[in-house]
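Heads up, the thing below is written out as structure tokens.
Each chain gets a letter, A, B and so on, in the order the sequences are listed, and its residues count up from 1.
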Amino acid sequence: MKSRYIAYFLLLLVAVSCEPKLDDYTPSAGSADFSKYISVGNSLTAGYADGDLYLTSQNYSYPNIIAQQLKLVGGGEFKQPLMFDELGFGNKRVLQIVQPLDCSGNPDGDPSPMPVLAGGVPDQRNFTSIAANGPYNNLGVPGAKSFHLLLPNYGSLNPYFGRFTTSPLSKSVIGMAKESNASFFSLWIGNNDVLSYALAGGEGDAITSQETFEATYTMLLDSLTANGAKGFVGSIPDVTSVPYFNTIPYNGLVLVDQTDVDKLNLLHASIGTGIVFNLGQNPFIIEDPLAPNGKGMREMVEGELLLLSLPQDSIKCRGWGSQRPIRANFVLDINEIELLTDAVGGYNETIKSLADEKGLAYADANTFMKNAKSGIIFDGMRFSASFIRGGIFSLDGIHLSPRGNAIIANFFIDAINLKYNAAIPHVNVGDYPGLVFP
Amino acid sequence: MLSVVCTLLISGVYAGGYQVGLHGQKQIGMGLIGTSLSLDASSMFYNPGGLSFMKPSFSFSAGMSPIRSFTAFRKSEPSAYTAMTDNPLGTPFYFYGAAKINDRFSAGIAVNTPYGNSLSWGKDWDGRYLIQDLSLRAIFFQPTLSFKVNDWLGIGVGFVFATGKFDLTKALPVTGANGDGSVNLNGSTTAMGYNVGVMIQPTEKLSIGIDYRSEISMEVSGADAKFTVPASLAGNFPADNKFSTTLPLPANLDFGLSYNVSEKLMIGMSLNYVFWSVYDSLIFDFETNTPALPDSKNPRLYEDKLIVRLGGEYTINDKFAIRAGGYYDPSPVNEIYFSPETPSLNNLGLTAGLSYKPVENLSIDLSFLYIMGAEADKQYTPDNFGGTFKSRVYIPGFGLTYNF
């Protein structure tokens, strides 16, 4: 009798080896065919980051992240025109602890992590053609504007395309895309149509006209869908939302000494600009030939933006922005910003209506990035659009970090799932590296 | 056979929140009822009023209940990510010693572990910025005095001296050459509370108990906050920082009823109301704050909950008694503030127990508890992290009672 009770009891203990089980998530391709995916676009699509295109940044490109997930729903290999090392063309930035210096070259303030040019000599093979190893699935070309994708000789104009085009003088990016006969494509193009203008402070280059953009985009989509392929397109983020244009505040001229204030006031009174300085934060002084005071300079107003390329030592030591105006090529003024915003708005209307017309998935990356600017949280990681610390953008302040790419890849996956009734799983943003601090 | 057993079992976590109800093998065997029972010295915890109804002159009881708990997680769709805890064995224990001073008074001391949590999601899991490992344990020392007012009424009071310690590790989303940064928070403290109970036995067969255990607020100050971050960020996360925090151990109001149906069969029930709403938020107040390290306030917003328990005992003969029971313990955790640090679901517990008396005075008590919890989708919205949780807990218990 005793042994029987104990036997029953031991039976209960057997249960100790059972672990709880949850049903697996079941991926599905829905109504799309992902067997051959190609991505068409610019530097964002190529995986450019930290000021260059390099091996690791390419591996973390959003198309490559998406392609790995597509493998769960019938997707094939995704080949990228990879660089041979971590230096690319030699412009990559890394974070290093930098000691700030005063105007005499003496240490001034606490050392902090800043982006500096990575040392080393790039592999020479980065500069030679790898077309023979193609065809490639990622056709993202850094620097490409929308209409560049149609240029038959673009391989001779853009070294990034020159590396992998099979025919630098006679084959356009879209021509190569068409040759690949893909079943699924992505097109995210148009950023450089406004960004090049913005990077020149509105003083060089030109914003692509709405007519050109619409005609180009129509041709691109006609070509990509000619074989019946499905795909997704992304709207153009407002370029002025990236850290490159939002790191130096318009009123970042901080005066702590009354003598400095007096000196500046005296100087500007003698020029007759009518500008008065106060202790604390002051707007920077910028070039403006149309300034009402007739002196070709004025205070910046809220909403105007300074470029990250603005030399900080000139501000500190050479009186830029205080004694003399900051040159216009470092400034986006209200008019320029309005031109940029209008252009992006127009492009995005075109993209949305053409996507609808062609039955393509549309991802509103513009709205998404606007939301990201005020801060987004994934799995306990807090992201914002601030430079370096924000985590979304890489060290160039324009392109995405690996985690930023993972976030946008998930956002695109949502658009694909919605449009094609697919179930492509997200990636874990935390699986991708953050910016590496020394 | 194993697979059949496995499919029959559902899931659970061992107790609501971080409360642990494992304080006597006999009670565990009967669905953790105990408020109206005066079995032995363990009454000191369940209802000090019951101690004076204890029959022997001296009673000693000791035992432990190793907890094997598993929580499975699947991230919110559309994610295919899954994880499983690899929890260290939890080891709640108890020791009770009590004596009858005279016909009216009984006294004793109880040492047990009514609150605790032992959790490990691992270093690399996807929720690592919320929690990696957590160890939380409170040990209560409760000197107790019980007074038998008359044949049918007993009252009792215990003074609780609690010691507690905790150790929490999570990753920080800052990346260095060696990967993620991390923070370890650990500290210990002591606090006081009380336990009062009333036992009423209106007839030979019926027993009624009411017990109230006070809230004990575990306040920790000057505890260690160790940050491991890249050198260039060390200024933002001072390496040997200190912090203060408070973890409330909620009050309990219990009501129990038991009835001797026959010489051999006893059945009982109890209602345990747990005042979980005191756990409003988990605040870490750092001694040194920086722009990157403000004080951390994490909403919890737990809700008061009622646990319903049923159980019974059947005495087979002089040597053997068997027990069975069950309870329903709804999750006190707020729907949108469900952190994987305390993945407590709606639990249905099933229990079984067995006592064997090799000699008159000694009882070997065994119990087994498994808890079936409802699979549920939960979110911790402040960190935008969530998914489906499902847990399962197995708690074999072993104890000895010696009366004379």
*Option that, when pairs with chain A are counted at under 4.5 Å, heavy atom only, ranks first among B/F73, B/F385, B/Y380*: B/F385

*If you measure from CZ on A/R382 to CG on B/D383, what distance do you get to the nearest 0.5 Å?*
4.5 Å

*Considering only heavy atoms and a distance below 4.5 Å, find which of B/P173, B/S232, B/G181 pairs most often with chain A.*
B/S232

*What is the distance from atom CG of B/L130 to atom CE of A/M381, rounded to the nearest 0.5 Å?*
9.5 Å

_Contacting moiety of A/L435, where chain B heavy atoms sit under 4.5 Å_ = backbone

_Using a 6.0 Å cut-off, check whether atom NZ of A/K71 has over 12 heavy atoms from anything other than its own residue._
yes

_Check A/D379 with B/R128, please: is the shortest side-chain N to carboxylate O separation under 4.0 Å?_
no

*Starting at OG1 of A/T26, measure out to CD of B/E77 and round the result to the nearest 0.5 Å.*
8.5 Å

*Output the distance between atom CG (B/D126) and atom CG (A/N428), rounded to the nearest 0.5 Å.*
3.5 Å

_Part of B/D180 lying under 4.5 Å from any heavy atom of chain A_ = side chain

*Is it the case that more than 12 heavy atoms not belonging to B/K123 sit under 6.0 Å from its NZ atom?*
no

_Return the CG to OG1 distance between A/D23 and B/T82, rounded to the nearest 0.5 Å._
12.0 Å

*asked:* Can you tell me how far apart CG (B/N236) and CZ (A/R389) are? Round to the nearest 0.5 Å.
replied: 5.5 Å

*Is a donor on one side and an acceptor on the other found under 3.5 Å between the side chain of B/S79 and the backbone of A/H426?*
no

*Is the count of non-hydrogen atoms from other residues, nucleotides or ligands lying under 6.0 Å from A/K21 atom NZ greater than 12?*
no

_Neighbour count above 12 (heavy atom, 6.0 Å) for A/D110 CG_ = no

*asked:* Heavy-atom cut-off 4.5 Å, strictly under: side chain, backbone, both or neither for A/N417 against chain B?
replied: side chain

*Side chain of B/R74, backbone of A/Y25: donor and acceptor closer than 3.5 Å?*
no

*Side chain, backbone, both or neither: which part of B/K75 has a non-hydrogen atom closer than 4.5 Å to chain A?*
side chain

*Shortest non-hydrogen contact from A/D414 to B/P78?*
OD1-CG, 4.1 Å

*asked:* Less than 4.5 Å to any heavy atom of chain B: does that hold for the side chain of A/L72, its backbone, both, or neither?
replied: neither

